[in-house]
Every structure is written in C-alpha cells, then in structure tokens.
Amino acid sequence: SAKLEYPAARRDETVTNDFHGITIQDPYRWLEDPDSTETKTFVNEQNALSNPYIHSYQHRELVNKTLTKMWNYPKFGCPHKRGPRYFYGHNSGLQNQSVTYMMDDLEAEPQIFIDPNTFSEDGTVSVSSKKFTKDGSLCALSLSSSGSDWKTIKFINVETKEYLPDVLKKVKFSCLAFTPDNKGFFYNCFPSAADNHEGEEVDQNLNQKLFFHRMGTDQSEDIICAEFPDNPHWMSAASVSDCQNYLLLEISESCKPVNKLYYYDMRSHGSEGFTGLIPFIKLIDKFDAEYDYITNEGTVFTFKTNLDASRYRVITIDFENPGPENWKTLIPEHPTDVLENITCVNQNKLIVIYMHDVKNEMYVHDLATGERKAKFPLEVGSIGSLSGRKEDTEIFYSFTSFLAPSRIYRCSLTTDSVTPAIFRDNQIAGIDVSNFETSQVFYSSKDGTKIPMFIVHRKDLPRDGNNPVWLYGYGGFNISLTPYFSISRLLYLKHFNGIFALPNIRGGGEYGEEWHKGGKLDKKQNCFDDFISAAEYLIQEKYTQASRITINGGSNGGLLVGACINQRPDLFGAGISDVGVLDMLRFHKFTIGHYWVSDYGCSDNKEDFEYIIKYSPLHTVKEPIIGQFPALLVCTADHDDRVAPLHSLKYMATVQHVLGKSEKQTNPLLLQVECKAGHGAGKPTAKIIEEVTDKIAFMALTTGLEWRD
Ligand SMILES: O=C(NCC(=O)N1CCC[C@H]1C(=O)O)OCc1ccccc1
C-alpha cells in the first residue's frame, strides 16, 4: 500500500518530569487539553487520514450491509417483576436503544414503559440504569449523553408514565436507592464538579458524596449523609436490605475487590427523612476483603466474600454478635471453581453461579443450611443475566455462548428440583451456526502457566497456517471473559474464513483473585506474555501466521494491544487499540483513573514507576530492528471520560513521530476519534455498526481478508 504521510504534530521538548531521579520527556503534553484549538486541529488531521483509508476498502459497503442484516434480529432481556407488573428490555433489531416494556402479567399485551429512542434524534441519550420503589409505583432513571459517565437522574410515575419534577445532576458512579416509604432517595454526586461538564473534561473525580433527596424538593435542598473529606478517593454506595429495615453502605477506594461495610437501622428514624450525616455502624471498617450483601434474616446477614477465599465463599454475620469469631461459613470456597454470583429467591433459596474453566454452572442452594439442592442443566457458555428477588417464586435467566445468541429461560423455585423452560429463543436470520465450532485449549505462557483460550471458527477450516485471526483480550481488574455472542465476530468467521481467539489471560478473574493478582502491579507483564504466547501457540499449531493476526482489545485491553505491539512488532499483522490506557505515568491524573492504581500501581511511587516504565505504551515506542511495525488503528471518542482520549492522541503522535518517516514503514499508523461517543456504554446501534464496519475494513486492508459469500 502507498506510504502515508503523517501530520507533523508539534513536539514541546521543554516538557519533562523527574521520576525518582529519571527524567522523562512528554513532548505531546499539550494534547491533554481537549479544548485547545491545537488539539482539535490534531484530531481533525488524524481523522482526515484514517477515515479515507478505511473507506478505501472496496467491500466496506458490503460489510456494512451484511452486518446490518445480521444485526437485525429481535433481542429480548430477562423479564423482571417490580410491584404488580413485569418489565423487560427489547430491541426489534436495529433500534438505537432498547425499549423497556411493561405488562400486568406475562401473557398480557406489552406496552411501552420507557423508549429512550425518543430522548434524542441520534440515539445518543441512553438509560444506564433503572431503580423501582419496592411497590413498583415509582422508577428512577439514570440517563447518560454521548456515552459519558456523567448521569442525570429523573423519576417516572409508573402508573401514569409521567415524569416527576425532580431532576438530579452532577451524578457519577452512583447508587440508586429509595427509602421504604418512597419519600426519599439516596444517590452519589460530585458537588465540586464544574457545571459545564458533559464528558469532554479530564478533571479528576474526587470527593464524591452520598446525598439524600426528599422527593418533591429541589436538588439544592438535598442532604449530605455520607462524605469522606480526609479520603477524597473514596466512593460509596447505599442500598436497602431485603427486609427494608437497614440502610447498607459499601465504601471502596479503588478497583481492588475489597470494601468497607457500614449499616444503619432506619427503624430508629421517623418519616421526617434524613437531616444530616447518618450515624452508620461500622461493621467492617478496613479494606481487607469484599463483603457483597446477598440477603438477611433479621440481624443475620449473608455476604459473598473473598476473605481467606480467593475463589469466594458465602458467610453469615449476625449484627448482634458482629465479631469475626462469630462469623459462619454458609458455602465454603470451592477447590477449583470461582463463585461468581449469588441471588436469594423464593424466600429460602440461593441461586449460585460458579465459573468452572471459564464456563458457568448454576445451582440451587438452601439459604438456611447452604446445602446444594439442584443443578441447572446448562450447555457450555455463560449466564448473561438473571432476574429474581427474595419475594419472587421464579427466576428468568439468559444463556449465551459464542455461537448462540442469548436465550431466556424461566424456572419456578417452589420445589427443590429445577425444570427450566425456554421463555424466549432469539434466532439469527441467515446464519446457520451449525457450520461453526468452539473449542477450548490450554496453552503454556512464557513462565509455563497454563492459559485457557477459546477458539471459534468454521468447521471445515484448513490448518494451513494461513487463516486470519482476530485475537481479542482484556486481562485486568478481576474481569472474566466468558463466552458471549457477537455478530461482528460471526461475520468475520463466516465471510472471511476467520478465526476468533479469546485467551483468558491473567489479570482477569477467571480463576479468582489469584488469577487477578497474577496479572497486576509488578506482574502486569504476565498479561502481555500470556497474550503473546497465545499468538505464538496459534502460529505453531498451524492456525495462522503473524501477518494474518489482528490483536484487539478495549480500555485495559487497549493497553494490552499497545504494550504487545510495541514489544513484539514481528508477531502481528495488525493491532486495533480501542479507548486504551496508554500513558501509564499519568493515567491517575484524569477523571476516574486514580481508581485503577490497584491494578497498575502509581508512578508517584519509585517501586511502581520502575515496572510501569518498562511497558507503558507511550514510553516504549521504538523502530523494529528487522521489518516494519504492524498496521495500527487506535480508536477513541470525544466523550470518553472513563479513559480520556489524551491517551490515544499522545500514543499515536509518538508512533507516527518515531515510525512514520521510515521508508520501510508502509503499514498504516492511524488514529480515529469518534464524535458524540464515549467509552462504549450506551452507544447507539447505528454508531456500533459503523464502528465495527470500520474495524473489519481496517483488518481486511491490513491482513489480506478475502470476502466470501
Ligand atoms: O473505573 C472503573 N472501572 C475500571 C475501568 O473502567 N477501567 C480500568 C482500566 C481502564 C478502564 C477499562 O478497562 O474499562 O469504574 C469506575 C467506577 C464505576 C462505578 C463505581 C465506582 C467506580
């Protein structure tokens, strides 16, 4: 391909910082200001390069049309009962946002409850979460614009579907909790945040507070009921216990799976509402483990915890005898499987979801004794979502896997046996998934650790060492990548003879906290070694060859791509880094980045700096000794306030500076910045399809994909 000319971005060689005796230059520091004319010009010049290149792909329209057609199938969410009614999410196929329907019973005619597509012309306003009052009479909506983490909370009268006058602003990373009498509402906001924020600012999110809002009043009258002036990094979340007597408060200070647990007995309060800081009882007042509320029977509380259990277990704590010596184990830690999720249903049962070698298993346990009662018949895959409360006698759950769009089951829990029935079976038009297969392999990483990897492709694929591979990974924050259905992957498999490979690299939660610890802080390089070893495995097993591999990941996965492509430019044909964390010396200075130091460490500390600087993508760009750098597409968006676009802008400016002038560098090095889009959550269908089309077009142009009908 003809060699591209890259815009010469100004380098300010005067910007340097001293890190524990080491001087580090930061010549593109000016790109950290999203509002400067210079930054806007830089973004426009980069898009003026990347978009025409991507649109030069001859089959881009064919991919777009095919993707749209495959995407256009009805998608149902699990029904959930709130008060006397059932609610469920539904998308007819191509709607920008799913619609929430309501029905008086499961056989009744559904009617529209909330249609977010009416909130904006282009579908960029989304409902990020909903919370009903216990009796289902009111519903709080948390709304996001352009994919920003900033939320506006509004309230709907469910019966009349009319909005109440109450509007809550400056809300971010917030809980939603009504008081039992429906008169009050707990939420979190950042009062010190600037008024004009919309998600394009990079200011740090500090000093979050818990507020009490009295329904029918103005937000300016809201009461601060929890704040942590000595710990500006802390964030909190309030919830009401199943019995409605207790207000629980979880406090966390980072993404580490540990939290403090405070509580307050609301019975000692009249209905005059809350008037000031709540005198919480500090049940757990240190950050030593996670305590995740499941339910309570009177003063005996049931929690999921990783205390002395890296694969989690279930304990009970009696608030009357709160000393740890009185705590009891209800379900002990499993010797190999991770206890992922527990829900109390039908008053006396626990629905327990485990992860066994990255596949879900689901059981019924007895709440009182912890005893296992039944096992759900599940295929290989994941439980996508589950709805059911203590007061419900049935559950709905969705099952999904690489080759099965989510299917919803309904199961009564009134007896000890489980006989689930299909409630909704989503079908894809024009795809016969029986032509494809999923396998799971265990390959060795650099240090000999066995890493599981899912491999999905056509059944008749030749092992000729020449198949294109979409190698996708994440590797961090205790997040597990269990099987999930994706139209874009299926198109790649069907129309390009592609292979989708998903290695469950360390840093995730696939084998519990030990797996997470194996890929964080000073062991973060293990994530990159695991991902590199995955590519080497696929090559030596004759699935593919380096030039046909695209590595891809988002956010922490975007860091994965940046680090691996810098370290092994010989191993990949292309890399696509989505909304990546790429400046590892400065990530904690912007928006919620300070929360990530639990996985990354912080360059303010000498020991942390010394391992961070070794892999930070922005600081490890160098010309390959032999050959050229792979094709690179770095994607971000102007309202991404989870990972500010500055990471991608500075990284691409550096890559183009170091590599772009070399005569041998004919692979493109491109940055694409989307407008009215954010980190990903809430993105309208139309934008998702455009974005995926561009990704596939880029892979086609740079790894020689050939379309087949
Ligand atoms: O920052 C995160 N999560 C980690 C995160 O989003 N990360 C971690 C690294 C980059 C980015 C990503 O991988 O998506 O969540 C913020 C939050 C939400 C709700 C309550 C408290 C705090």
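Just so you know, ligand 1 is whichever comes first in the structure, and atom 1 is the first atom listed for that ligand. The figures here come from the full heavy-atom set of this structure, side chains too, leaving out hydrogens, waters and symmetry mates.
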Novice: So, F454 versus F402, ring centres under 6.0 angstrom or not?
Specialist: yes
Novice: To which protein heavy atom is atom 13 (O) of ligand 1 closest, and what is the distance rounded to 0.1 Å?
Specialist: Y474 OH, 2.6 Å
Novice: Got a salt bridge between E610 and K606, using NZ or NE/NH1/NH2 to carboxylate O under 4.0 Å?
Specialist: yes
Novice: I need the single residue from R506, K446, K524 that forms a salt bridge (charged side-chain N to carboxylate O under 4.0 Å, His left out) with D530. Which is it?
Specialist: R506
Novice: Please check if the side chain of T179 supplies one atom and the backbone of G184 the other of a donor-acceptor pair under 3.5 Å.
Specialist: yes
Novice: Judged by atom type as modelled, is there a donor-acceptor pair below 3.5 Å linking the side chain of N566 to the main-chain atoms of P617?
Specialist: yes
Novice: Looking at the rings of F287 and W234, which for Trp means the six-membered one, are their centres under 6.0 Å apart?
Specialist: yes
Novice: With under 30° as parallel and over 60° as perpendicular, where do the rings of F190 and F173 fit, or are they tilted in between?
Specialist: perpendicular
Novice: With rounding to the nearest 0.5 Å, note down the distance linking CG in L671 to OG1 in T636.
Specialist: 7.5 Å
Novice: Which atoms of ligand 1 have any heavy atom of Y600 under 4.0 Å away?
Specialist: 9 (C)
Novice: List ligand 1 atoms under 4.0 Å from C255, heavy atoms only on the residue side.
Specialist: 3 (N), 4 (C)
Novice: Does ligand 1 have a heavy atom under 4.0 Å from the side chain of V643, from its backbone, from both, or from neither?
Specialist: side chain
Novice: Which of the atoms in ligand 1, numbered in the order shown and given with their element, are less than 4.0 Å from a heavy-atom of I592?
Specialist: 1 (O), 16 (C)
Novice: Given R642, Q208, M235, which one has a non-hydrogen atom that is nearest to atom 22 (C) of ligand 1?
Specialist: M235
Novice: Could you tell me, atom by atom, which parts of ligand 1 come under 4.0 Å of a heavy atom of H679?
Specialist: 12 (C), 14 (O)
Novice: What atoms in ligand 1 come closer than 4.0 Å to a heavy atom of V581?
Specialist: 10 (C)
Novice: Number the atoms of ligand 1 from 1 as they appear, then name those within less than 4.0 Å of a heavy atom of Y595, with their elements.
Specialist: 21 (C), 22 (C)
Novice: Of the listed options (F173, W596, F477), which comes nearest to atom 5 (C) of ligand 1 when hydrogens are ignored and any heavy atom counts?
Specialist: W596
Novice: Among all protein non-hydrogen atoms, which one is nearest to atom 10 (C) of ligand 1, and what is the separation to 0.1 Å?
Specialist: S555 OG, 3.1 Å
